[in-house]
> 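After the structure tokens below, expect a handful of questions from me.
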Amino acid sequence: MFKTGKRLLIAALAVSAPLLAGTALAQDKGLISVIVNDTSNPYWFTEGKIARETAEGLGYRANVSAHKGDTNTESRQIDTAITNQAKAIILDPANADGSVGAVRKAVDAGIPVFLVNAEINEQGLAKAQLVSNNAQGAALGAQQWVQAVGDSANYVELKGAPSDNNAATRSNGYETVLSQYPDLKKVGEDVANWDRTQGFNKMQSLLQANPDIQGVISGNDEMALGAIAALKEAGKLDDVVVGGFDGSPDAVDAVKSGELAYTVLQPVAIFSKAAVQMADKFITTGETGVQGEKHLFDCILITPDNVDKYVSPFVLKQ
């Protein structure tokens, strides 16, 4: 069972006071390898940046690499971490099933693995799996989407990569809310793999088949921003409500401009920091300091009403 992330979040904030620069520079506690999906995406860029900075602040050397969803690349990056005798690996897994072998390989080599953002479909390998509460976030987003579009509309959905459990969790969360409104009709859907360009292309095709839609609900911000670009090009954006998920800087700008109805912020800046702090505690004491393997961190809705409280990438001042 998942455990609540609230206590982890509080702990992460408590430990986040700046360390003395001289102390950090004087230490070399070894290497922490950080492996994310794709650093061209601002969400994963922030994930890697925060993890690296936290590790360096705690006295480790750190590097960030990206597998871009390819399990073979991910496996080679795990091999490199093993060769470099990493003290721990912070991993955003490429595939819920396909990454299990790579995690097991690291564990067999004596390197603890801490998963962030996405899960693997096997427990007992990673020391911890820290992820956004995607079901809670999807419900928040869908409820806000209904408020914006109304309870009667034709709409389409853009879905994330099927290899990522988060895609199905968000889509199912949307369906749970939207199915309560019988006059909301999903007339089309497509997979755009979390990517802005694919979101643009898939939105163009969906528009050709369904020119009179009133809404687009998206599994992440990049796909939503691609959809917005396609709607703009078709001259239809003023008539279509678009909702996103991630809380990326570009999406926040789109909320401010009125092009995006809302976005659901994932607290990646919090759980990336917490994963490294947990790794440090495990390296130092042999314990993670928390109970259970899986930990959820609640998402936060960003709308025109609170968007001005967005103070840095993926951080909303409460």
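Given the structure is predicted, the values throughout are model-derived calculations rather than measurements. Throughout, residue positions are numbered sequentially from 1 according to the sequence presented.
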> Between the main-chain N or O of Lys186 and the side-chain N or O of Glu157, is there a donor-acceptor pair closer than 3.5 Å?
no
> Using a 4.5 Å cut-off on heavy atoms from C-beta on, say whether the side chain of Gln214 contacts that of Asp239.
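The answer is no, as the side chains (C-beta and beyond) never meet within the 4.5 Å cut-off.
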> Test Ser33 against Asn63 for side-chain contact (heavy atoms from CB on, under 4.5 Å), laying out the working first.
CA-CA 5 Å; Ser33 290; Asn63 56 37; 3.6 Å; yes
> Hydrophobic cluster membership, with links at side-chain heavy-atom distances under 4.5 Å among I/L/V/M/F/W/Y: are Phe271 and Leu316 in one?
yes
> With a 4.5 Å limit on heavy-atom distance, are the side chains of Ile302 and Tyr262 in contact?
no
> For Phe297, does its backbone N or O pair with a side-chain atom of Ser132 as donor and acceptor, under 3.5 Å?
no
> For the side chain of Thr73 and the backbone of Gly69, is there at least one donor-acceptor N/O pair under 3.5 Å apart?
no
> Stepwise, does the side-chain contact (heavy atoms from CB on, under 4.5 Å) test hold for Asp92 with Glu47?
CA-CA 9 Å; Asp92 190 335; Glu47 179 180 80; 2.9 Å; yes
> What I'd like to find out is whether the side chain of Leu207 reaches to under 4.5 Å of the side chain of Leu231, using heavy atoms alone.
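Yes, at least one pair of side-chain atoms sits under 4.5 Å.
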> Output the distance between atom CG (Asp190) and atom NZ (Lys202), rounded to the nearest 0.5 Å.
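Rounded to the nearest 0.5 Å, the CG-NZ separation comes out at 4.0 Å.
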> At what distance, to the nearest 0.5 angstrom, does OG1 of Thr80 lie from CG of Leu31?
10.5 Å
> Can you check whether His295 reaches Val131 side chain to side chain, under 4.5 Å on heavy atoms?
no
> Any side-chain donor-acceptor pair under 3.5 Å between Asp280 and Tyr60?
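Yes.
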> Could you tell me whether the side chain of Lys49 and the main chain of Trp44 form a donor-acceptor pair under 3.5 Å?
no
> Does the distance from a Lys or Arg side-chain N to an Asp or Glu carboxylate O, for Glu56 and Arg61, drop under 4.0 Å?
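No, Glu56 and Arg61 are not salt-bridged.
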> When you group the ILVMFWY residues by side-chain heavy-atom contacts below 4.5 Å and let the links chain together, are Leu58 and Ile90 in the same group?
yes
> I'd like to know if the side chain of Gln198 pairs up with that of Asn193 as donor and acceptor (distance under 3.5 Å, no hydrogens or angles considered).
yes
> Is the closest side-chain heavy-atom distance between Arg170 and Phe245 below 4.5 Å?
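Of all side-chain heavy-atom pairs linking Phe245 with Arg170, at least one is under 4.5 Å.
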> May I ask you to decide whether Lys294 forms a salt bridge with Glu119, counting only side-chain N to carboxylate O separations under 4.0 Å?
yes
> State, to 0.1 Å, how close Asn210 and Gly188 come at their nearest heavy-atom pair, and which atoms those are.
ND2-CA, 4.5 Å
> Using the rule given for side-chain contact (heavy atoms from CB on, under 4.5 Å), can you reason through Ile120 versus Leu115, listing the C-alpha separation, both sets of side-chain angles and the distance that settles it, and then say yes or no?
CA-CA 8 Å; Ile120 58 171; Leu115 302 182; 3.6 Å; yes
> In this structure, would Trp194 and Leu91 fall into the same cluster of hydrophobic residues linked by side-chain contacts under 4.5 Å?
no
> For a quick test of reading the model, state the closest non-hydrogen atom pair linking Leu225 to Ala251 and the distance between them.
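In terms of heavy atoms, the two residues are closest at CD1-N, 4.1 Å.
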> Does Val116 offer a backbone N or O that forms a donor-acceptor pair with the side chain of Gln129 under 3.5 Å?
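No: the side chain of Gln129 does not pair with the backbone of Val116.
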> Between Ile228 and Phe200, is there a shared hydrophobic cluster once you connect ILVMFWY residues whose side-chain heavy atoms come closer than 4.5 Å?
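No, separate clusters.
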> Quick check for you: to the nearest 0.5 Å, what is the distance between Tyr310 atom OH and Asp253 atom CG?
8.5 Å
> Above 12 or not: heavy atoms from other molecules or residues under 6.0 Å from CD of Glu122?
yes
> Verify side-chain hydrogen bond (donor to acceptor under 3.5 Å, both in side chains) between Asp246 and Gln266, making sure each step is shown before the conclusion.
CA-CA 5 Å; Asp246 271 352; Gln266 296 193 75; 2.6 Å; yes
> Ring-plane angle category for Phe114 and Phe282, please: parallel below 30°, perpendicular beyond 60°, tilted otherwise.
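Ring orientation, 0 to 90° scale: perpendicular.
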> Check whether Thr284 reaches the backbone of Lys281 with its side chain - one donor and one acceptor, N or O, closer than 3.5 Å.
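Looks like no, no N/O pair under 3.5 Å.
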> Are there over 12 heavy-atom neighbours, none belonging to Phe45, within less than 6.0 Å of that residue's CZ?
no
> Mind checking the CD-CD spacing from Glu189 to Glu175? Nearest 0.5 Å is all I need.
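Atom-to-atom, Glu189:CD and Glu175:CD are 9.0 Å apart.
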> Which heavy atom in Ile111 sits nearest to a heavy atom in Ala86, and how many Å separate them?
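Closest approach of Ile111 to Ala86, heavy atoms only: CG1-O, 3.5 Å.
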> Apply the test ring-ring contact (aromatic ring centres under 6.0 Å, His included) to residues Trp145 and Tyr174: give CA-CA distance (whole Å), side-chain angles for both, the deciding distance (0.1 Å), then the verdict.
CA-CA 10 Å; Trp145 188 87; Tyr174 294 157; 8.6 Å; no
> Treating Lys127 as the side-chain partner and Gly124 as the backbone partner, does any N or O pair qualify as donor plus acceptor under 3.5 Å?
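Flag not set: sc Lys127 to bb Gly124 has no pair under 3.5 Å.
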> Run Lys232 and Glu259 through salt bridge (charged side-chain N to carboxylate O under 4.0 Å, His left out) and show every step you take.
CA-CA 10 Å; Lys232 275 184 177 179; Glu259 293 180 345; 2.7 Å; yes
> Indicate whether any N or O donor in one side chain lies under 3.5 Å from an N or O acceptor in the other, for Tyr43 and Asn220.
no
> Output the distance between atom CG (Asn41) and atom OG (Ser248), rounded to the nearest 0.5 Å.
7.5 Å
> Should the pair Asp79-Lys105 be classified as a salt bridge under the 4.0 Å nitrogen-to-oxygen rule?
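Looking at Asp79 and Lys105, the cut-off is met.
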> Ala81 and Ile89: which non-hydrogen atoms are nearest, and at how many Å?
CB-CD1, 3.7 Å
> Please tell me if the side chains of Asn95 and Val100 come closer than 4.5 Å, counting only heavy atoms from C-beta onward.
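Result no, sub-4.5 Å side-chain heavy-atom pair not found.
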> Only one of Lys68, Glu222, His67 clears side chain to side chain contact (heavy atoms under 4.5 Å, CB included) with Asp38; which?
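It is Lys68; the other options fail the test.
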> Looking only at atom types and distance, does a side-chain atom of Thr263 sit under 3.5 Å from a main-chain N or O of Gly247, one as donor and one as acceptor?
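The answer is yes, because a donor-acceptor pair under 3.5 Å joins these two groups.
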> Are any of the side-chain heavy atoms of Asn154 and Asp212 separated by less than 4.5 Å?
no
> What pair of heavy atoms forms the shortest contact from Ala269 to Ile50, and how long is it?
O-CG2, 3.5 Å
> Does Leu184 reach the side chain of Val149, with side-chain heavy atoms less than 4.5 Å apart?
yes
> Do Val103 and Ile82 belong to the same hydrophobic cluster, where Ile, Leu, Val, Met, Phe, Trp and Tyr are linked whenever their side-chain heavy atoms lie under 4.5 Å apart, directly or via other members?
yes
> Considering all heavy atoms of both residues, which atom of Asn166 and which atom of Ala118 are nearest to each other, and what is their separation?
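Heavy atoms only, the tightest pair is ND2-CA, 4.1 Å.
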> In Å, rounded to the nearest 0.5 Å, how long is the span from CG of Asn133 to CG of Asp298?
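If I round to the nearest 0.5 Å, the distance is 5.0 Å.
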> In sequence, state the C-alpha distance, the side-chain angles, and the governing distance for Thr303 and Val255, and then conclude on side-chain contact (heavy atoms from CB on, under 4.5 Å).
CA-CA 7 Å; Thr303 70; Val255 172; 5.6 Å; no
> Just by distance, no angles: are the side chains of Asp97 and Asn121 close enough, under 3.5 Å, to form a donor-acceptor pair?
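Looking only at side-chain atoms, Asn121 and Asp97 do form a donor-acceptor pair, the distance falling under 3.5 Å.
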> Quick one, Asp221 with Arg196, criterion salt bridge (charged side-chain N to carboxylate O under 4.0 Å, His left out). Give me CA distance, side-chain angles, the key distance, then yes/no.
CA-CA 8 Å; Asp221 286 338; Arg196 190 180 304 199; over 6 Å; no
> Would you say Asn134 and Asn165 are linked by a side-chain donor-acceptor pair, where the criterion is simply a distance under 3.5 Å?
no
> Does the Asp164 side chain pair with the main chain of Ala161, one donor and one acceptor, at a distance under 3.5 Å?
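Not confirmed, Asp164 side chain does not pair with Ala161 backbone.
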> Please check: side-chain N/O of Gln136 versus main-chain N/O of Cys299, any donor-acceptor pairing under 3.5 Å?
yes
